[in-house]
Amino acid sequence: MKELFTAFRSDKTSIKGKGSWLFYGLTAFVFVAAILLLFGHFYTEDEITNANTEVGKWNDLSASSKVKIDKWEWNKDNKTMDLVLQYHDDVEQGKDIKRSYEMIPNTTPNQTVDYKVIAKTDNKQAIRIYDVTKGFEVMVVKVFENSGSESGKGEEITKLLGNEKKVKTNATKDDMSKEDYQLEFVENDINDTKKTKKDLNNSKEKAEQKIVETENEINELESEKSYQTGTEKTETDSKIESKKTDIDSYNTEIDDYKSQIKQSEEKIKLLKQKYEDTKKYNQ
């Protein structure tokens with residue numbers, strides 16, 4: 001007992017002495033570090049529980065195709081989750097591609113849940129996933145691709161992840177119908193085309209601004225020629241011709257933008273008519 005009391009004397013600071021303050025301090029540090037190392041995983045989340053595929057962002061599937069999630073929406077009351085996918089495929093190859101899925105909650109990685117394609121167009125699919133209960137953490141959607149000549153579900157080409165904390169929650173009791181999605185698809189096409197038209201207008205305005213800037217640069221070069229020698233004027237004339245070529249290029253771009261804008265306007269008009277016709281047909 002005497003040794004235990006003398007172990008903590010202020011003069012006992014040598015690390016070599018088992019009774020020193022320094023020895024017990026380092027021992028305690030090593031013990032705490034070992035505990036954290038062994039049991040730290042209880043205080044950290046599995047990486048997959050934080051994973052999520054962003055809505056509205058294109059994801060490459062191959063050199064010629066990509067996919068975008070337009071909607072992740074979970075109806076807690078009905079235990080359903082609606083997933084809307086939009087594909088962009090090579091025109092020729094896209095006709096023969098067939099896609100299927102496996103829906104796997106992260107909490108049951110060896111068990112799939114049922115799904116059904118509610119509505120589809122050439123490039124969009126509205127998929128309803130069933131038995132999605134609270135605590136699924138992440139819905140893993142495996143996408144399989146099969147060309148028309150192959151058998152079976154084909155090759156897995158990507159995984160899409162719907163995080164329980166980040167997917168949109170449907171506050172209504174009723175799930176969307178096939179007719180609802182048919183209208184939504186057309187409405188989304190209208191909005192996408194409007195966005196494309198806006199981007200084209202912005203690009204056209206930038207090209208027009210470049211013409212104004214280049215013309216100002218030409219005027220400055222012309223004014224400088226009054227104070228230049230013959231050789232300098234020749235060099236300046238060469239620069240001016242180069243900038244005039246740039247202006248011709250910008251004008252060609254503007255004409256192309258105008259043509260695309262006109263096509264977008266026509267497409268918006270036709271899509272609006274399609275929306276009204278679809279709405280009338282579904283009544």
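This chain uses plain numbering: 1 for the first residue, then up along the sequence.
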Checklist entry - Hey, any chance L61 and F144 share a hydrophobic cluster, counting ILVMFWY side chains that come within less than 4.5 Å of each other, even indirectly? => result no

Checklist outcome for this item: Per side chain to side chain donor-acceptor pair (under 3.5 Å), D82 is matched among W74, Y181, W72 by Y181

Next on the checklist: Please determine whether a side-chain nitrogen of the Lys or Arg among K279 and E276 lies less than 4.0 Å from a carboxylate oxygen of the Asp or Glu.
Outcome noted: no

Next on the checklist: How about NZ on K68, more than 12 heavy atoms from neighbouring residues, nucleotides or ligands closer than 6.0 Å, or not?
Outcome noted: yes

Item to check | Chi angles and distances behind the side chain to side chain contact (heavy atoms under 4.5 Å, CB included) call for T214, Y250 | outcome: CA-CA 10 Å; T214 306; Y250 295 142; 3.7 Å; yes

Item to check | Nearest non-hydrogen partners of L221 and T236, listed with the distance | outcome: O-CG2, 3.5 Å

Checklist outcome for this item: dist I118:CD1 -> R128:CZ (nearest 0.5 Å) comes out at 4.0 Å

Checklist entry - Is a side-chain N or O of T278 found less than 3.5 angstrom from the main chain of K274, in a donor-acceptor match? => result yes

Checklist entry - M103 versus M139: any side-chain heavy-atom pair under 4.5 Å? => result yes

Checklist entry - Quick one: CG on D237 to NZ on K233, what's the gap to the nearest 0.5 Å? => result 9.0 Å

Checklist entry - More than 12 non-hydrogen atoms from neighbouring residues, nucleotides or ligands closer than 6.0 Å to CG on D122, yes or no? => result no

Checklist entry - Under a 4.5 Å cut-off applied to non-hydrogen side-chain atoms, are I157 and S62 in contact? => result no

Next on the checklist: Within the 4.5 Å heavy-atom criterion, are D89 and I97 side-chain neighbours or not?
Outcome noted: yes

Item to check | In one Ile/Leu/Val/Met/Phe/Trp/Tyr side-chain cluster, 4.5 Å: L270, F185 | outcome: no

Checklist entry - Any side-chain donor paired with an acceptor under 3.5 Å for D256 and Q260? => result yes

Next on the checklist: Working to the nearest 0.5 angstrom, can you tell me the gap between K206 NZ and Y257 OH?
Outcome noted: 9.0 Å

Next on the checklist: Any side-chain to backbone donor/acceptor pair from S249 onto T245? Under 3.5 Å, distance only.
Outcome noted: no

Next on the checklist: Counting C-beta onward and ignoring hydrogens, is there a side-chain heavy-atom pair between E208 and I254 closer than 4.5 Å?
Outcome noted: yes

Checklist entry - Between K159 and T53, what is the shortest heavy-atom contact and its length? => result O-OG1, 4.3 Å

Next on the checklist: Could you check whether N201 and S203, counting side-chain N and O atoms only, form a donor-acceptor pair closer than 3.5 Å?
Outcome noted: no

Checklist outcome for this item: Exactly one candidate in T169, D174, D175, T80 meets side chain to side chain donor-acceptor pair (under 3.5 Å) with N75; the answer is D175

Item to check | Residue K120 excluded, over 12 heavy atoms near NZ under 6.0 Å | outcome: no

Checklist entry - Atom CD in Q125, atom CD in Q86: separation rounded to 0.5 Å? => result 11.5 Å

Item to check | Pair L183-E179, side chain to side chain contact (heavy atoms under 4.5 Å, CB included): steps then yes or no | outcome: CA-CA 6 Å; L183 287 172; E179 292 73 24; 6.0 Å; no

Next on the checklist: For a salt bridge (charged side-chain N to carboxylate O under 4.0 Å, His left out) check, start with the C-alpha distance between E253 and K210, then their side-chain angles and the critical distance, and finish with the verdict.
Outcome noted: CA-CA 11 Å; E253 286 182 21; K210 286 180 180 178; 5.7 Å; no

Item to check | Side-chain donor/acceptor of N146 to backbone N/O of K98, under 3.5 Å | outcome: no

Next on the checklist: Is the shortest side-chain heavy-atom distance between V141 and E102 below 4.5 Å?
Outcome noted: no

Checklist entry - Does the side chain to side chain contact (heavy atoms under 4.5 Å, CB included) test come out yes or no for V84 and I127, once each step is laid out? => result CA-CA 6 Å; V84 177; I127 304 164; over 6 Å; no

Checklist outcome for this item: Heavy-atom closest pair (Q228 atom, E232 atom, distance to 0.1 Å) is CA-OE1, 3.2 Å

Next on the checklist: Is the positively charged end of R99 above the ring of Y87, judged by distance under 6.0 angstrom from the centroid and angle within 45° of the axis?
Outcome noted: yes

Checklist entry - CD/E215 to CD/E220 distance, rounded to the nearest 0.5 angstrom? => result 12.5 Å

Item to check | Aromatic ring proximity Y101/Y115, centre distance under 6.0 Å | outcome: yes

Checklist entry - Looking at N170 and E73, what are the two nearest heavy atoms and their distance? => result ND2-OE2, 3.4 Å

Item to check | Verify same cluster id: M81, L83 (apolar side-chain graph, 4.5 Å) | outcome: yes

Next on the checklist: Quick check: is L161 connected to I104 through a chain of hydrophobic side chains (ILVMFWY, heavy atoms under 4.5 Å apart)?
Outcome noted: yes

Next on the checklist: Any side-chain to backbone donor/acceptor pair from T234 onto G230? Under 3.5 Å, distance only.
Outcome noted: yes

Checklist entry - Do T252 side-chain atoms and D248 backbone N/O form a donor-acceptor pair below 3.5 Å? => result yes

Checklist entry - Are side-chain heavy atoms of N251 and I211 found at a separation under 4.5 Å? => result yes

Checklist entry - Do N123 and H88 have side-chain heavy atoms sitting under 4.5 Å apart? => result no

Next on the checklist: When you compare the side chain of T231 with that of E235, does any pair of heavy atoms fall below 4.5 Å?
Outcome noted: yes

Checklist entry - Does one hydrophobic cluster hold both V138 and L160, with members joined at side-chain heavy-atom distances below 4.5 Å? => result no

Checklist entry - Would you say K124 has more than 12 foreign heavy atoms packed within less than 6.0 Å of its NZ? => result yes

Checklist entry - Would K134 and K76 count as a side chain to side chain contact (heavy atoms under 4.5 Å, CB included) if you check the C-alpha gap in whole Å, the side-chain angles of each, and the deciding distance to 0.1 Å? => result CA-CA 7 Å; K134 186 177 180 180; K76 291 184 179 181; 5.5 Å; no

Under 3.5 Å, which donor-acceptor pairs link side chains of residues 190-198 to any protein atom two or more places apart or in another chain?
unit_1	atom_1	unit_2	atom_2	d
N191	ND2	E187	O	3.4
T193	OG1	D189	O	2.7
K195	NZ	D199	OD2	3.3
T196	OG1	D192	O	3.0
K197	NZ	E265	OE2	3.4

Item to check | Spatial distance of atom CD (E217) from atom CG (D246) [nearest 0.5 Å] | outcome: 9.0 Å

